[in-house]
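Each remark here refers to the structure printed beneath this line.
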Amino acid sequence: MASMKATLEYEIALDENALAGLKTSMSGTLIGPEDEGYEQFRRVYNGMIDKYPRLIARCADVADVRAVVNFARDNGLVLAVRGGGHNGAGLGVCDDGVVLDLSLMNGIRVDPDVRTIRAEGGCAQGAVNHAGSAFGLAVPGGIVSSTGIAGLTLGGGHGPLARKYGLAIDNLLEADMVLADGRFVTASAQQNEDLFWAIRGGGGNFGVVTSFLFQAQPVGEVIAGLMLWDFEQTGEIMRWYDQFLPAASEDLYGFFAIMNVPPAPLFPVHLHRRTVCGVIWCHLGAREQAQKDLDAVRESHPPMFEQVGPMPITALLSMFDALMPPGLQWYWKGDFFTELSGAVIEQHLHYGARLPTLLSTMHLYPVNGQVHRVRPDATAFSFRDARYSMVIAGIDPDPANNEKMIDWAREYWKALHPYSAGGAYVNFMMEEGIDRVQATYRDNYKRLAALKAKYDPQNLFRVNQNIKPQS
Ligand SMILES: Cc1cc2nc3c(=O)[nH]c(=O)nc-3n(C[C@H](O)[C@H](O)[C@H](O)COP(=O)(O)OP(=O)(O)OC[C@H]3O[C@@H](n4cnc5c(N)ncnc54)[C@H](O)[C@@H]3O)c2cc1C
């Protein structure tokens, strides 16, 4: 169905000849506001984002990507690149301009002999790990399967394998890319090394990644699941978690959450909708060792509920999918922390007790182990010395709750920010301005700005946490 709003409000007159040329050169599809599918494909994961691009280009291959990049650049159009469309700030879509949608480019090739996985730029991370699971392999990444491997990796990519195997970028071997001038290049430790440095944390600022080559890690079955404690115990559990996890074997990962218990059959009815704190565990070691490590938790702080057991890693990495389908309203803010001081815990107790909606939550993802062994200037991802990547997420199906969710997230963040390390994980930011982007890249920003001037001097790729080309 055509979008009336879009049809009425567009002022851009596209060069019809250029558009016809693009159409004939593409093997994928072009969708305009009048076309079937426009409503579906202008939408991104975050239902709060409501943008009306002039054109959506569903690319089928590298030739399509080059044609679309050249078309947007030559016609002075804003260009948004979309991998999985999961970005909280909605940076996979734009008003008026062109969306370069990679979702048709979702091929995956696993090489079990050398343990690598090649994934095209439009793959969801769940699909990548599903392909790897047939060979007992996985790529470090996040906790929801529909998240795009592209945006996640280009921002850093932390998740249950991080303590043992590092970030997604620490397992990236090379990336094929289309640059702002239309050139196709490979970035790796051997080719275009400066570009390879920049894309490992620098987001989509440097070009369109058409395929990634990852070193996959040997991960099959894990012992995983969640333990919950009464909200009253939050301070005590946070203090204990802060000491316990860094000292534990790097086979053990656990992220901390303040959340409401979903009214789902998995949970006893008396816990439904109660605010609790919890840890979502993932143990990569042998069963006996996992039992021992998790028994240590049970003995020191017996949970009021737990659901922990053996499962394929793919089951853990899709555990939250049903709870968080596309189209919910999301507003989130993040920061890195180096300590969970008394003052920090106090704010978590205050705002954690006031979750504005059933799905709203706060997560603390541990940053330690293998992540700390890479120097802050070895890749663009600067906060290697942080200990936690925090996200405060207001989530709800009903837009009527947006105002209270946004107010809560902002207030919570404002109260904690003075105790933070100063910057945030780029993948947990809304559109927050250049100061926040600079604070996030710290000493790496200057080099990133110089590389931006080298690879994208006109800032064609600016629908992202934008790094301005050095003048
Ligand atoms: C429910 C949920 C759970 C999450 N869990 C985690 C987690 O556990 N760990 C974690 O690290 N992050 C997590 N994230 C954050 C996630 O990493 C970011 O939202 C990320 O931006 C998503 O990538 P995408 O490709 O889906 O997004 P998109 O919206 O498609 O793109 C995000 C940004 O990357 C750019 N981009 C996308 N594809 C390409 C490409 N091929 N080439 C160049 N640039 C590109 C876009 O232009 C945009 O700026 C989660 C997000 C959600 C919504």
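Indexing begins at 1, ligand by ligand and atom by atom, following the structure's order. All residue numbers in this chain count up from 1 along the given sequence.
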Inset, instruction - Check Val144 against ligand 1 and report side chain, backbone, both or neither, counting heavy atoms closer than 4.0 Å. - result: side chain
Inset, instruction - Could you tell me the residue and atom name of the protein heavy atom closest to atom 21 (O) of ligand 1, and the distance to it rounded to 0.1 Å? - result: Asn87 ND2, 3.1 Å
Legend entry - ligand 1 contact on Tyr425 by region, counting heavy-atom pairs under 4.0 Å: side chain
Inset, instruction - Could you tell me the residue and atom name of the protein heavy atom closest to atom 49 (O) of ligand 1, and the distance to it rounded to 0.1 Å? - result: Val463 O, 3.2 Å
Legend entry - Options Pro326, Gly151, Ser389, ranked by nearest heavy atom to atom 34 (O) of ligand 1, top entry: Gly151
Inset, instruction - Tell me which protein heavy atom sits closest to atom 5 (N) of ligand 1, plus the residue, atom name and distance to 0.1 Å. - result: Ile143 CG1, 3.9 Å
Inset, instruction - Using a strict 4.0 Å threshold on nitrogen-to-oxygen distance, state whether Asp170 and Arg200 make a salt bridge. - result: no
Inset, instruction - Provide, to 0.1 Å, the distance between atom 42 (N) of ligand 1 and the closest protein heavy atom, together with that atom's residue and name. - result: Val209 N, 2.9 Å
Inset, instruction - Mind checking whether Phe212 contacts ligand 1 via backbone (N, CA, C, O), side chain (CB onward), both or neither, at a 4.0 Å heavy-atom cut-off? - result: neither
Legend entry - Nearest protein heavy atom with distance in Å, relative to atom 16 (C) of ligand 1: Thr147 CG2, 3.8 Å
Using distance only, find each side-chain donor-acceptor pair of residues 216-227 under 3.5 Å and give its atom names and separation, not counting sequence neighbours.
{"residue": "Gln217", "atom": "NE2", "partner": "Asn171", "partner atom": "OD1", "Å": "2.7"}
{"residue": "Glu221", "atom": "OE1", "partner": "Arg287", "partner atom": "NE", "Å": "3.2"}
{"residue": "Glu221", "atom": "OE1", "partner": "Arg287", "partner atom": "NH2", "Å": "3.0"}
{"residue": "Glu221", "atom": "OE2", "partner": "Arg287", "partner atom": "NH2", "Å": "3.3"}

Inset, instruction - State which residues pass side chain to side chain donor-acceptor pair (under 3.5 Å) with Arg462; sequence neighbours excluded, sorted by chain then number. - result: none
Legend entry - Nearest protein heavy atom with distance in Å, relative to atom 47 (O) of ligand 1: Val81 O, 2.7 Å
Inset, instruction - Heavy-atom distances under 4.0 Å are what count here, so tell me which part of Leu154 touches ligand 1: side chain, backbone, both or neither. - result: side chain
Legend entry - Nearest candidate to atom 9 (N) of ligand 1, where distance is taken over non-hydrogen atoms, out of Met105, His158, Gln465: His158
Legend entry - Side chain, backbone, both or neither: Phe461 near ligand 1, heavy atoms under 4.0 Å: neither
Inset, instruction - Please work out which of the three classes, parallel, tilted or perpendicular, describes the rings of Tyr45 and Trp330, given edges at 30° and 60°. - result: tilted
Inset, instruction - Could you check atom 26 (O) of ligand 1 against the protein and tell me its nearest heavy-atom contact, residue, atom and distance included? - result: Gly148 N, 2.8 Å
Inset, instruction - For ligand 1, find out whether one of its N or O atoms is nearer than 3.5 Å to an N or O atom of Gly85. - result: yes
Legend entry - ligand 1 versus Tyr45: contacting region, heavy-atom distance under 4.0 Å: side chain
Legend entry - Protein contact of atom 2 (C) of ligand 1 - nearest heavy atom, named by residue and atom, plus distance: His86 ND1, 3.9 Å
Inset, instruction - For the pair Tyr425 (side chain) and Gly157 (backbone), establish whether a donor and an acceptor sit closer than 3.5 Å, ignoring hydrogens and angles. - result: yes
Inset, instruction - Establish, yes or no, whether a centroid distance under 6.0 Å links the rings of Tyr351 and Trp408. - result: no
